[in-house]
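In what follows, chains are A, B, ... by sequence order, proteins preceding strands, each numbered from 1. The structure displayed is predicted, hence computed values, not measured ones.
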Number of protein chains: 2
Amino acid sequence: MATRSAALESARRPRKSASATAPSVVVGLNAVIVAVTDEVPRVLTVSRTDHALAGGGPADALPFGPLRPEQHRTLERGLRSWARQQTGIRLGYVEQLYTFGDRFRDPRAGQGGPWMISVAYLALVREQQLAGSGEAHWRDWYDYFPWEDWRSGPPSLISQTITPALESWLTQASDMPATRARRERRDIAFGLHRTPWDTERTLERYELLYEARIVGEAASDVGKPTPPEAENLGRPMALDHRRILATALGRLRGKIKYRPVVFELLPPAFTLSHLQRVVEALAGIRLHKQNFRRLVERGGLVEGTGQYDEETGGRPAELFAFRREVLRERAAPGVRLPGPQARV
Amino acid sequence: MATRSAALESARRPRKSASATAPSVVVGLNAVIVAVTDEVPRVLTVSRTDHALAGGGPADALPFGPLRPEQHRTLERGLRSWARQQTGIRLGYVEQLYTFGDRFRDPRAGQGGPWMISVAYLALVREQQLAGSGEAHWRDWYDYFPWEDWRSGPPSLISQTITPALESWLTQASDMPATRARRERRDIAFGLHRTPWDTERTLERYELLYEARIVGEAASDVGKPTPPEAENLGRPMALDHRRILATALGRLRGKIKYRPVVFELLPPAFTLSHLQRVVEALAGIRLHKQNFRRLVERGGLVEGTGQYDEETGGRPAELFAFRREVLRERAAPGVRLPGPQARV
DNA sequence: TCTGATATGCTCAACATGAGTATAAGGAAA
DNA sequence: TTTCCTTATACTCATGTTGAGCATATCAGA
């Protein structure tokens, strides 16, 4: 108890100059800003030269900035302010994702060194022009996770590169039980051996690839150059940003099923095909069109506006809008994914 | 960009003595440790005298300790170590809940004052003996949220106290649209006006009650004594700990539906009634027995052990065990709640 | 008007769910 | 030892939801 109240006391003692004293803990704020434009889910990145890591060159990074207690009234405000400064975007929907804390604690960070923890946020926006200080770019998030896109069937990357690599990782386990445990993890993560592919296990998959040292960052984090095999395992990112991105992807994939967040990514009026393409882009799978329609329409999630989109190239499609009342009617309104469409 | 790398540089500069310099940001670690014993879900609390708040006396608090970068290798390890010190418990299943950051930023905290952010964790254990430095107690979590327990029908507290109080809060809105918005929030949160009761909206409900100043902390946080009406709105806690607890409750209620976490709260072998009582305790509702049984048994979540519990007071019940293979077979294995049983 | 788009409507079997009734197997009271 | 109360477990059945597909509507352009 003594330790606890002592810490609180010292925390409460006012300081004279905020920026003069070296902070013992730096709190970083990271934003995963997502938009979807015609079939492709995009994430906003800035490019950054990472002194800390081997390999030197500029790497993709998430918009990031340290929390400034003197300026930022809350964590979320701090995040919004950094995002605005670096990308020019005023964020709308924002939710906290996860707080990452093991970073800078691996051997190379030095003993007794400072600690950086990052509070990561997920933001959903409609794609828009960029401005701000950083060189910000929208990027297809499947550039970072090519194995996550199953919209045109199971990616050959999995069977051709990942599975064999994981197979050899299996054999490196210390003993039989450890091998078994690794095999189970692999099968569940990648949907092998009559296990279904679970779209939400994105973080598990990335962490597995990291642990098996298949992915670029696994080498650069210990100061080695990226091995050539890692080339087609997605673009690497600075620090642990790809891990944060994997967390965001998984969270979003889960969330669209029980909360109407997709609509944050769509204009106020949209066709059902448009809605479906956005959901498919996020979930990384194809859906059965007629059933999808039935689900969102009869589920009360959308309502027709009476207006039509003539640009379809076929029969004009009715424009729909999000039906706000659904929030009252159903406990967990979202796009529960109807079974995937058979391979095209 | 400049600001960003400058901050990183300063973070990287090693310090001489960790405890000598006043940290600008203190990172707190909070643990919500949950167990269930015969029908009642319990949370582990320590009692603590809160100098900062009016009202003086000792209040219930969650096990808490500041992150010590010099000692704790990761956030989670830090948390485990504090929990062990204060309660004597070695935590098993632990998951990160949320990072709370607006604390100590309200007017009374002083300008330019230090910042405390808290990273909260949820831990699930089987109830056990307590030890450690703190005066730790297991408490029924419905002591803190009496309106959340619907196991014997809708709590009269809601119709008798909460609804009227919220009604007057409605009328205090600045204009009509604001009133409308408040009414919608209230209806959705508390399942009024043909909106179903959503067991997972625990945080929304607590925050609503806080905003409407119905709950004890709303007064004490601005230095006033707790008004008498707040007496039956649950035990207050120190600081924002009740908010953290509400978050934990909601998260756990959601999670049991799609991940087999309930089994962390049960012994290796249990009867189906036992399992059901634990789920009901968490969800705060009664379930239809036969359907519950069908769900977990045919869903492959459990398997019979061939042994029987003779202590039932009726026909002996078979003992079941968690069936690990379900992790491979189904994407989101959990106790999807079968419809509530009609009021008894 | 025919063809190729896309949108939208409708059907049907399989499966899941809500809400029971019926039967089994203990202990305790009569 | 019979009756009754208790809890466990089995089975039923109407209804709802889902997967999968066929059928029809409405546009553009050949």
Side-chain angles (χ1 to χ4, degrees), chain A residues 38-39 196-197 257-258 269-277 279-280 283 285-320 329-344, chain B residues 38-39 196 257-258 269-277 279-280 283 285-320 326 329-344:
Chain A
D38 22 70
E39 313 251 0
W197 172 261
K257 291 179 192 155
Y258 63 94
F270 45 84
T271 66
L272 294 186
S273 293
H274 186 183
L275 173 60
Q276 182 174 352
R277 279 195 306 273
V279 172
E280 288 176 341
I285 51 173
R286 291 241 161 269
L287 306 173
H288 183 284
K289 183 162 182 166
Q290 295 91 321
N291 290 346
F292 178 82
R293 190 179 188 81
R294 178 174 63 188
L295 216 64
V296 298
E297 216 177 343
R298 302 224 297 198
L301 215 64
V302 298
E303 60 192 348
T305 62
Q307 294 190 289
Y308 288 81
D309 174 10
E310 313 280 335
E311 316 284 290
T312 53
R315 174 172 169 175
E318 184 167 8
L319 289 168
F320 285 77
E329 299 162 358
R330 286 171 36 194
V335 187
R336 255 186 284 323
L337 309 185
Q341 176 74 288
R343 301 285 103 67
V344 189
Chain B
D38 23 69
E39 314 251 1
K257 292 180 191 154
Y258 64 94
F270 46 82
T271 66
L272 293 186
S273 292
H274 186 184
L275 173 60
Q276 180 174 352
R277 279 194 306 274
V279 171
E280 288 176 340
I285 51 174
R286 291 240 162 270
L287 306 174
H288 184 284
K289 183 163 181 164
Q290 295 90 322
N291 291 345
F292 178 82
R293 191 179 186 79
R294 177 174 63 189
L295 216 64
V296 297
E297 216 177 344
R298 302 225 296 197
L301 215 63
V302 298
E303 60 193 348
T305 61
Q307 294 190 288
Y308 288 81
D309 174 10
E310 314 280 334
E311 316 284 288
T312 53
R315 172 173 172 175
E318 185 167 7
L319 289 168
F320 286 76
V326 75
E329 299 161 0
R330 285 172 35 195
V335 186
R336 255 186 282 323
L337 309 185
Q341 174 74 286
R343 301 285 101 67
V344 188

Participant: Figure out the CD/P separation between A:Glu297 and C:dA7, and round it to whole Å.
Facilitator: 13 Å
Participant: If you pin B:Arg298 and B:Pro316 to their nearest nucleotides in DNA chain C, which one's is more 5'?
Facilitator: B:Arg298
Participant: Please state how far atom CD in B:Gln290 lies from atom P in D:dC13, giving the value in whole angstrom units.
Facilitator: 16 Å
Participant: How long is the line joining CG of A:Asn291 and C1' of C:dT11, in whole Å?
Facilitator: 12 Å
Participant: For A:Ser273, answer base if it contacts any base atom (sugar-phosphate contacts may also be present), sugar-phosphate if it contacts only those atoms, and nothing otherwise; contact means non-hydrogen atoms under 4.0 Å.
Facilitator: sugar-phosphate
Participant: Considering only heavy atoms and no angle criterion, is a donor-acceptor pair shorter than 3.5 Å present between the side chain of B:Glu310 and the base of C:dG26?
Facilitator: no
Participant: Could you state the CZ-C1' distance from A:Arg293 to D:dG21, rounded to the nearest angstrom?
Facilitator: 16 Å
Participant: Nearest-nucleotide wise, let me know which of B:Arg294 and B:Thr271 is further upstream toward the 5' end of DNA chain D.
Facilitator: B:Thr271
Participant: Assign A:Leu272 to base, sugar-phosphate, or nothing according to its heavy-atom contacts below 4.0 angstrom with the strands shown.
Facilitator: nothing
Participant: Only pairs under 3.5 Å count here: list side-chain donor-acceptor contacts from residues 301-309 of chain A, not counting sequence neighbours, and write none if there are none.
Facilitator:
| from | atom 1 | to | atom 2 | distance (Å) |
| --- | --- | --- | --- | --- |
| A:Thr305 | OG1 | A:Gln307 | N | 3.2 |
| A:Thr305 | OG1 | A:Leu319 | O | 2.7 |
| A:Asp309 | OD1 | A:Glu311 | N | 2.9 |

Participant: Ignoring hydrogens and angles, tell me if any N or O in the side chain of B:Glu280 forms a donor-acceptor pair with the backbone of B:Leu287 under 3.5 Å.
Facilitator: yes
Participant: Rounded to the nearest angstrom, tell me the gap between atom CG in A:Leu295 and atom P in D:dG16.
Facilitator: 16 Å
Participant: NZ of B:Lys289 versus P of D:dC11: gap in Å, rounded?
Facilitator: 17 Å
Participant: Can you check the A:Leu287 CG to D:dG19 P distance for me, whole Å?
Facilitator: 10 Å
Participant: Would you name the heavy atoms of A:Gln276 and A:His288 that are closest together and state the gap between them?
Facilitator: NE2-C, 4.2 Å
Participant: Could you give the CZ-to-P distance, from B:Phe292 to C:dT17, as a whole number of Å?
Facilitator: 13 Å
Participant: Go through C:dT11, D:dA8, C:dA19 for me and flag the one nearest to the B:His288 side chain.
Facilitator: C:dA19
Participant: Distance criterion of 3.5 Å, no angle test: do you see the side chain of B:Glu311 paired donor-to-acceptor with the base of D:dT7?
Facilitator: no
Participant: Taking it one step at a time, do A:Val279 and A:Phe292 satisfy side chain to side chain contact (heavy atoms under 4.5 Å, CB included)?
Facilitator: CA-CA 10 Å; A:Val279 172; A:Phe292 178 82; 4.2 Å; yes
Participant: Can you check whether A:Arg315 has a side-chain N or O nearer than 4.0 Å to OP1 or OP2 of C:dT8?
Facilitator: no
Participant: Which pair of non-hydrogen atoms, one from B:Phe270 and one from B:His274, has the smallest distance, and what is that distance?
Facilitator: CB-ND1, 3.9 Å
